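As structure tokens, the structure follows; a few thoughts come after it.
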Amino acid sequence: MAPKKAGMRLLFFPSKAEIVPEPYGLVLIMTSWNFPLGLALEPLIGAIAAGNVIVIKPSELAPATSSFLANTIPQYLDNTAIKVIEGGPEASHRLLQQKWDKIFYTGSPRVGRIVMTEAAKHLTPVTLELGGKCPLIFDYSSISSNLKVAVRRLTSAKWGSCSGQACIAIDYVLMEEKFALSLIDMLKRIITRLYGENIGTLVNITRIVNKNHFDRICSYLKDPVVAASIVHGGSYDEEKLLIEPTILLNPPLDSAVMNEEIFGPILPIVTLKNIQESIELINSRPKPLALYAFTHDDAFKNRIVSETSSGSVLFNDVLIHYLCDELPFGGIGQSGMGRYHGKYSFEAFSHEKPVLYRGYYPDLAARYPPWNAFKMEFCRLGYNVDYLNLALHLLGLRRYPKKDD
Amino acid sequence: MELSTFAILDPVVGAIAAGNAVVLKPSEIAPAMSSLLAKYVGQYLDSSAVRVVEGAIPETSALLEQKWDKIFYTGNGRVARVVMTAAAKHLTPVVLELGGKSPVLVDSDVNLKIAVRRIIAGKWGCNNGQACISPDYIITTREFAGKLREMLERELNRFYGSEPLQSSDLSRIVNSNHFDRLVRLLDDEKVAGKIVYGGQRDKAQLKIAPTLLLDVPQDSLIMNEEIFGPLLPIITVEKLEDSYDMITSRTKPLAAYLFTNRKNVKEQFVKTISAGGLVINDSAIHLTVHSLPFGGVEESGMGSYHGKFSFDAFSHKKAVLYRSFLGDAPVRYPPYTHGKMKLLRALIGGSILGILQALVGWSSYSALKEKSA
């Protein structure tokens, strides 16, 4: 990558400055299990482009992809530069004890803390792509002429994305209470059409990754108050690790399902008197990776952008920002730190090294001791970039304090 | 501790510009500056948005237990690890401005007088060597070392006089701890006989004179910690190229300096040496260039600031995508037919031809798949 030129003030004449990107060096990429190929290869591309040497540790919860990567990468990529190490928590722990020049981790906030704590021992910079409860603000009345498309998109970002097991899947919906039943009705119809009538006839939907996560998600529904809020679905098949698309209406805000990232096919709908209240509710919670809003109200859009904080904001669509090379993809607060995709991937794995080239003349005596009032005034004017007075000062045409207080 | 006002207020400027609320914890090692800041920040800035908390280790530890949205730390690697570990508990992003041993390479093809003046300005001119970007040690060829040393001695005499401890232009050592630490470096038996200039010290005044050492062993104390003081070892090598291995075998410094007129030497240096920042034919001055990011790499830190980079350091660049409901592609929804997969593939690949082919229902990919099925 060619160095970037940096502008230089006249004060530093003659000088030239540039920013030279260089690779960090030895990079560790730890990936998640839900999109195991993409989440391994996307950062890998950035790291290679930036000139690094890489170790990938794929998630053991997606064993088929893990062995695919372990078998295929050595056949096509330079083995001395890129290695795949398979294994579970033990392997991850041992890898994290080593000294890396950069660590890129995709996964949960809990493990993100562990990664950063280990990285701190070696002062290794990290990019953490975590998750969060990504809300969808559904401004029903504002988008009444586009409801069909809106509902389709909502569905695709909940059950269509790995049955909700995606960091940018819609976690819960916020809407005005008077429209809730209409939306639920539309959702029931589309779920039936796309995914089937019940747990026995479920199609086009992913299963839950493993028994642990299956139990975790089912446990949300075991809370009696939450169970009472089920308006659709709620059944599951333990043998096949399937949970049918489930909708909850106003589960308690302090329940587990409303405080942990669901990462599953349960969709809580939280109703409000006025859709504007959604901003306050979102701000009372940790910052999400993505914030979705379906609305045509421009003033509301502006409020959302300026009054909430999230990794990204997406209006009237879902998920698609993931594919935009021009947009940085990353979280904030609990949803992560750092970003990638497109050129941001290159930057994530580069150290931007500034280089300043200086000429010898003019060499100003004011820089050197012994200090006196004239030199101090020169420095003061230089610091304020006051060229006119600087010139007058050098020509002796200016009065200045003779005592440097 | 070093370049007090500059280093302390510089990040505050960036944080405020980016719209943050700020708590500033100045170093307790510079107590006068700490109370000055506490007084004036309280007087002139909005107290509901900018506060100063004074104190030492207990106060710092208590601060680090809180949940911050960003932590900016300037100091040493040992405490930086503590800061980052504390930050990890809350997933708080950090900027760490640390230090290191900033080497100066001096070529024989150079304007020696100006080069030496600039080395002196960056070393003793900056708080008597107590600055993160002060030249730490010099590497030059055996052949040239004599001339370099002579010029250094001559210019040092001119700047600080023959009694440097009496010069009012020489900063003190910050406290007796650091004074003792520096004296230990000088009294190390491995460097006995290597002091070729200076070495005077005054414990009562906490002053140490500009001191040059010649060819101290690589395993001496002075070559294994950041000096942060007025001692300058000069290491000689057979040819300048030999210095690269010496520099790259150590942890990456915050800055690296080269004085030369030769273009190929400059290119080799920029290509080979990794550091927070590089300066050719000057020292320390990149600190004041607003268009260059100032920060370290590896042991010398992470993140950067100065100028717009300060604003960036304290901002989250949020991606916002505005979409319309019109033109909703059925390819996004199940059932995921073969035809939809072809189109999706072509769309993501960005190939117009591929998209047309997929729409027409004619794609070589699909033909191949059918064959192998």
Side-chain angles (χ1 to χ4, degrees), chain A residues 6-9 12 17 19-20 22 101 109 112-113 116-117 119-121 123 125 128 130 143 146 149-150 152-153 156 160 194 204 305 309-317 320-321 323-324 327-329 332-334 336-337 351-360 363 367-371, chain B residues 69 77 80-81 84-85 87-89 91 93 96 98 111 114 117-118 120-121 125 159-161 167-169 266 270 274-282 285-286 288-294 297-299 301-304 316-325 328 332-336 348:
Chain A
M8 289 295 299
R9 285 202 219 274
F12 298 100
I19 299 172
V20 179
E22 54 177 32
D101 296 312
R113 286 179 175 82
M116 190 172 169
T117 305
K121 296 190 177 117
L123 294 175
L128 305 173
L130 310 176
I143 55 164
N146 302 114
V149 177
R152 271 214 295 263
R153 290 181 177 178
S156 74
L194 296 182
N204 294 328
V305 172
S309 183
S310 57
S312 320
V313 180
L314 193 38
F315 288 109
N316 297 331
D317 208 335
I320 206 163
H321 62 305
L323 299 173
C324 283
L327 289 174
F329 184 83
I332 181 175
Q334 300 293 298
M337 57 179 78
H351 163 56
E352 303 214 303
K353 178 172 78 179
V355 183
L356 176 59
Y357 297 86
R358 290 269 293 155
Y360 289 115
D363 189 46
R367 279 182 74 179
Y368 312 113
W371 305 111
Chain B
D69 296 312
R81 282 167 169 79
M84 191 170 167
T85 304
K89 298 198 175 84
L91 291 171
L96 305 172
L98 311 176
N111 185 318
I114 295 181
R117 285 185 177 176
R118 290 177 177 181
I120 297 176
F159 291 163
Y160 299 108
S167 164
S168 59
D169 294 325
K266 291 181 193 177
V270 173
S274 179
L278 303 181
V279 185
I280 315 282
N281 291 332
D282 209 329
I285 202 169
H286 61 305
T288 58
V289 178
H290 70 291
S291 55
L292 289 176
F294 182 80
V297 64
E298 203 204 59
E299 281 295 316
M302 57 179 77
S304 58
H316 166 57
K317 303 274 175 90
K318 180 166 75 177
V320 182
L321 180 58
Y322 296 86
R323 289 268 295 164
S324 144
F325 285 114
D328 194 42
R332 291 172 68 170
Y333 310 108
Y336 301 113
I348 292 176

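Everything numeric here is computed off the predicted structure, so don't read it as measured data. All chains are named by letter (A, B, ...) in the order of the sequence lines, taking the proteins before the strands, and each is independently numbered beginning at 1.
Of the residues considered (A:Gly160, A:Ser312, A:Gly333, A:Gly336), A:Ser312 shows the highest number of contacts with chain B, using heavy-atom pairs under 4.5 Å. For the set B:Asn111, B:Leu98, B:Leu292, the entry with the most heavy-atom pairs within less than 4.5 Å of chain A is B:Asn111. For the options A:Lys121, A:Arg152, A:Met8, A:Glu22, heavy-atom pairs under 4.5 Å to chain B are most numerous at A:Arg152. Ranking A:Ile19, A:Leu314, A:Asp363 against chain B, the residue ahead of the rest is A:Asp363, based on heavy-atom pairs under 4.5 Å. Ranked by heavy-atom pairs shorter than 4.5 Å toward chain B, the options A:Gly359, A:Pro328, A:Ser310 are led by A:Ser310. Between chain A and the options B:Pro293, B:Gly161, B:Ala121, heavy-atom pairs under 4.5 Å are most frequent for B:Pro293. Counting heavy-atom pairs closer than 4.5 Å to chain B, the top-ranked of the candidates A:Ile332, A:Asn316, A:Val355 is A:Asn316. When the candidates B:Ala80, B:Ala87, B:Ala88 are compared by the number of heavy-atom contacts under 4.5 Å with chain A, B:Ala88 comes out ahead. Counting heavy-atom pairs closer than 4.5 Å to chain B, the top-ranked of the candidates A:Leu130, A:Ile320, A:Asp101, A:Leu323 is A:Ile320.
For B:Ala275, the part sitting under 4.5 Å from any heavy atom of chain A is the backbone (N, CA, C, O) and nothing else. Interface residue A:Gln334: backbone and side-chain heavy atoms are both found under 4.5 Å from chain B. If you measure heavy-atom distances from B:Ile120 to chain A, you find no contacts under 4.5 Å at all. For A:Met116, the parts lying near chain B are the backbone and the side chain together; criterion is any non-hydrogen pair under 4.5 Å. Interface remark: B:Ser324 contributes backbone atoms only to the contact with chain A (heavy atom separation under 4.5 Å). Only the side chain of B:Tyr160 comes within less than 4.5 Å of a heavy atom in chain A; its backbone stays farther off. Of the atoms belonging to B:Met302, it is side-chain heavy atoms, and not backbone ones, that fall under 4.5 Å from chain A. For B:Lys89, the part lying near chain A is the backbone, with the side chain staying farther off; criterion is any non-hydrogen pair under 4.5 Å. With a 4.5 Å cut-off on non-hydrogen atoms, B:Phe325 touches chain A through its backbone and its side chain both. Heavy-atom distances place the side chain of A:Val20, and not its backbone, under 4.5 Å from chain B. For a residue to count as touching a neighbouring chain, one of its non-hydrogen atoms must lie under 4.5 Å from one of that chain's; by this rule A:His351 touches chain B with the side chain only. Residue A:Tyr357 touches chain B through both its backbone and its side chain, counting heavy-atom pairs closer than 4.5 Å.
Closest approach of A:Gly112 and B:Leu91 over heavy atoms only: C-CD2, 3.9 Å. The minimum heavy-atom distance linking A:Arg358 with B:Asp282 is given by the pair NE-OD2, 2.8 Å.
Of the N and O atoms on the side chains of B:Tyr336 and A:Asn204, not one donor lies less than 3.5 Å from an acceptor on the other residue.
A donor-acceptor distance shorter than 3.5 angstrom exists from the side chain of B:Arg118 to the backbone of A:Tyr360, with no hydrogens or angles considered. A distance-only check finds no donor-acceptor pair linking the side chain of A:Lys353 to the backbone of B:Val297 [under 3.5 Å]. The backbone N or O of A:Gly7 lies less than 3.5 Å from a partner atom in the side chain of B:Ser291, making a donor-acceptor pair.
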